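First the structure, then my questions, so here it is.
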2 protein chains.
Amino acid sequence: MSVPVPPWQQRAGRSRAGRQPLSLEAIVGTALGLMDREGLDAVSMRRVAQELGTGAASLYAYVRNKSELHELMLDLVIGEIPVPEPDPARWRDQLKQIARDQVRVFAEHPGIAQVVMRTPAPTGPNALAMMEAVLAILRSAGLPDRVVAFAADLLALYPNAVALERSAAFGLPAEELGERMSQVERYFSQLPRETFPTIVALLPSLMAGEGDERFEFGLEVIMRGLESWAG
Amino acid sequence: MSVPVPPWQQRAGRSRAGRQPLSLEAIVGTALGLMDREGLDAVSMRRVAQELGTGAASLYAYVRNKSELHELMLDLVIGEIPVPEPDPARWRDQLKQIARDQVRVFAEHPGIAQVVMRTPAPTGPNALAMMEAVLAILRSAGLPDRVVAFAADLLALYPNAVALERSAAFGLPAEELGERMSQVERYFSQLPRETFPTIVALLPSLMAGEGDERFEFGLEVIMRGLESWAG
DNA sequence: ACCTGAACACCGTTCAAGT
DNA sequence: ACCTGAACACCGTTCAAGT
């Protein structure tokens with residue numbers, strides 16, 4: 001039972017020396033893969049290190065702390081969002097499409113939305129490239145500088161918030177979420193009409209609409225609002 | 001050094017029996033106080049129990065798990081947001097004021113914004129009362145039912161997201177945040193003009209505007225967007 | 001019914017010691 | 001310079017045992 005492992009088998013498979021040398025890229029990539037498979041909570045320093053065949057302490061040679069690791073993961077994900085060439089004639093469509101792509105890419109990496117809201121101002125290279133494009137598109141629409149700056153904020157915040165809302169669902173197992181939603185619907189339909197007349201009256205509309213329909217509505221509200229400042 | 005504590009002093013001060021009997025109200029209130037003083041991360045089952053002079057296991061007689069505790073805290077906070085009587089003539093102002101009050105109240109309880117985005121659909125009594133009021137105001141504006149339902153979503157999401165963004169800042173000590181912001185500004189001003197022409201050109205506007213000014217802009221965008229559906 | 005201590009299986013981060 | 005094991009001070013939740 002306690003036969004020593006022969007040297008040529010030691011640290012096989014998961015060995016850091018055997019598989020891949022420790023590097024920032026390997027750490028961030030491993031962390032991202034772990035998050036994709038098991039969610040953000042699984043991305044602990046210990047688990048990431050374990051996947052790389054080392055101990056948690058070794059990671060601190062490459063990242064200051066766990067939130068720095070999170071921010072590096074975020075920029076990698078932002079890099080997957082396509083960045084269009086600004087076309088002044090299609091500014092509304094282009095901004096909407098970026099927002100849609102962002103929600104889609106974030107949905108492919110459940111957990112990253114939790115990171116983005118904790119990051120005061122994403123400044124990775126991919127975040128900067130995205131910011132440059134959004135600002136250029138808004139500017140080409142003939143909006144005043146200050147409106148451009150504030151609108152860029154709003155246009156980042158909204159898809160982030162929607163992705164975050166959706167990823168909260170991903171935290172739970174699918175059946176638990178479905179159960180919760182039908183519980184909510186049942187609960188709403190039993191509310192006293194005297195105290196909550198509007199909720200009861202609007203119940204069908206409140207439950208209607210897939211996620212995408214609601215998201216598209218929000219995008220359209222923002223676009224119509226922004227248009228009112230366009231010259 | 002190891003003199004036994006006399007019986008009449010045992011469990012004094014923090015004693016559950018002496019101070020307050022264990023109850024759902026006591027648990028949620030203690031948890032909220034702890035969050036206000038030390039942030040959401042401090043609200044562990046163990047810390048809350050410690051403040052009540054008991055062990056973590058005892059809390060499980062009152063709440064299913066930590067996230068149920070979080071949701072109870074959330075409804076208590078939502079209860080602090082003033083709910084207006086719907087006045088059809090002032091629907092824009094009323095909706096804006098609710099959004100402002102929500103951001104203000106959430107700012108008084110840093111950490112609660114993190115809870116709200118993890119809660120699929122807040123259904124506490126205070127959340128329901130707020131929802132009823134928002135739906136009634138939107139309906140009185142003459143918006144179609146489906147627009148009312150979707151707009152209520154959007155009008156909850158936006159202040160939540162803004163509060164969350166601001167509370168991320170509260171996680172860090174104040175000087176660290178200030179340092180980070182000026183680091184960002186310095187970094188932005190050093191970006192190559194060829195690669196990031198729009199960021200560099202808009203730098204003053206990007207850095208301008210207090211939080212409230214940006215928040216008010218977003219509210220105005222949403223209101224102007226919604227108006228385009230009003231009959 | 002309500003409460004408890006102890007246990008289980010985890011955390012992030014630091015640090016002295018090794019190569 | 002890079003890496004490591006061990007330690008420190010924590011977690012949420014379960015469970016058998018007590019009152």
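Predicted, not measured: the structure shown is a model, and the values here were computed from it. We name chains A, B, ... by the order of the sequence lines, and we start the count at 1 in each one.
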Kindly say if Y62(A) contacts the phosphate of dC3(D), meaning a side-chain N or O under 4.0 Å from OP1 or OP2.
->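 Yes.
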Side-chain donor or acceptor of D75(A) paired with backbone N/O of N126(A) under 3.5 Å |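 Answer holds: yes.
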Measure the spacing between CD1 of I112(A) and CG of L74(A) and express it to the nearest 0.5 Å.
->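 It is 5.0 Å, given to the nearest 0.5 Å.
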Is any side-chain N or O of T54(B) closer than 4.0 Å to OP1 or OP2 of dC3(C)?
->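 Negative; the distance criterion is not met.
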For the atom pair CG (L206(A)) and OG (S189(A)), what is the distance rounded to the nearest 0.5 Å?
->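 Between L206(A) CG and S189(A) OG, I get 12.0 Å after rounding to 0.5 Å.
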Distance-only, no hydrogens or angles: does the E132(B) side chain make a donor-acceptor pair with backbone N or O of T198(A) under 3.5 Å?
->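 Looks like yes, one N/O pair under 3.5 Å.
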Integer angstrom distance from the C1' of dC10(C) to that of dA9(D) |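 My reading of the C1' atoms in dC10(C) and dA9(D) gives 13 Å.
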Solution key, residues 114-121 of chain A side-chain donor-acceptor pairs under 3.5 Å, sequence neighbours excluded:
from    : atom 1 : to      : atom 2 : distance (Å)
T119(A) : OG1    : V115(A) : O      : 2.9

Would you confirm whether T30(A), through its side chain, and A26(A), through its main-chain N or O, come within 3.5 Å as a donor-acceptor pair?
->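 At least one qualifying donor-acceptor pair exists.
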With B for base contact, S for sugar-phosphate-only contact and - for none (protein heavy atoms under 4.0 Å), nucleotides 7-19 of chain D reads B---BBBBB----
Residue pair F215(A), Y158(A): steps toward the ring-ring contact (aromatic ring centres under 6.0 Å, His included) verdict | CA-CA 9 Å; F215(A) 176 58; Y158(A) 182 58; 5.5 Å; yes
Output yes when a side-chain donor or acceptor of R104(B) lies under 3.5 Å from a complementary backbone atom of R100(B), and no otherwise.
->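 No; judged by distance alone, with no hydrogens or angles, the pair does not exist.
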Stem regions touching DNA chain D, defined by at least 3 consecutive Watson-Crick or wobble G-U pairs below 3.5 angstrom |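 Output for stems: C:4-8 with D:12-16, C:12-16 with D:4-8.
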Whole-Å gap separating C1' (dG5(D)) and CD (Q50(A)) |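 Those two atoms, CD and C1', are 15 Å apart.
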When the distance from CG of L59(B) to P of dG5(C) is rounded to whole Å, what number comes out?
->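 Spelled out: CG on L59(B) to P on dG5(C) is 12 Å.
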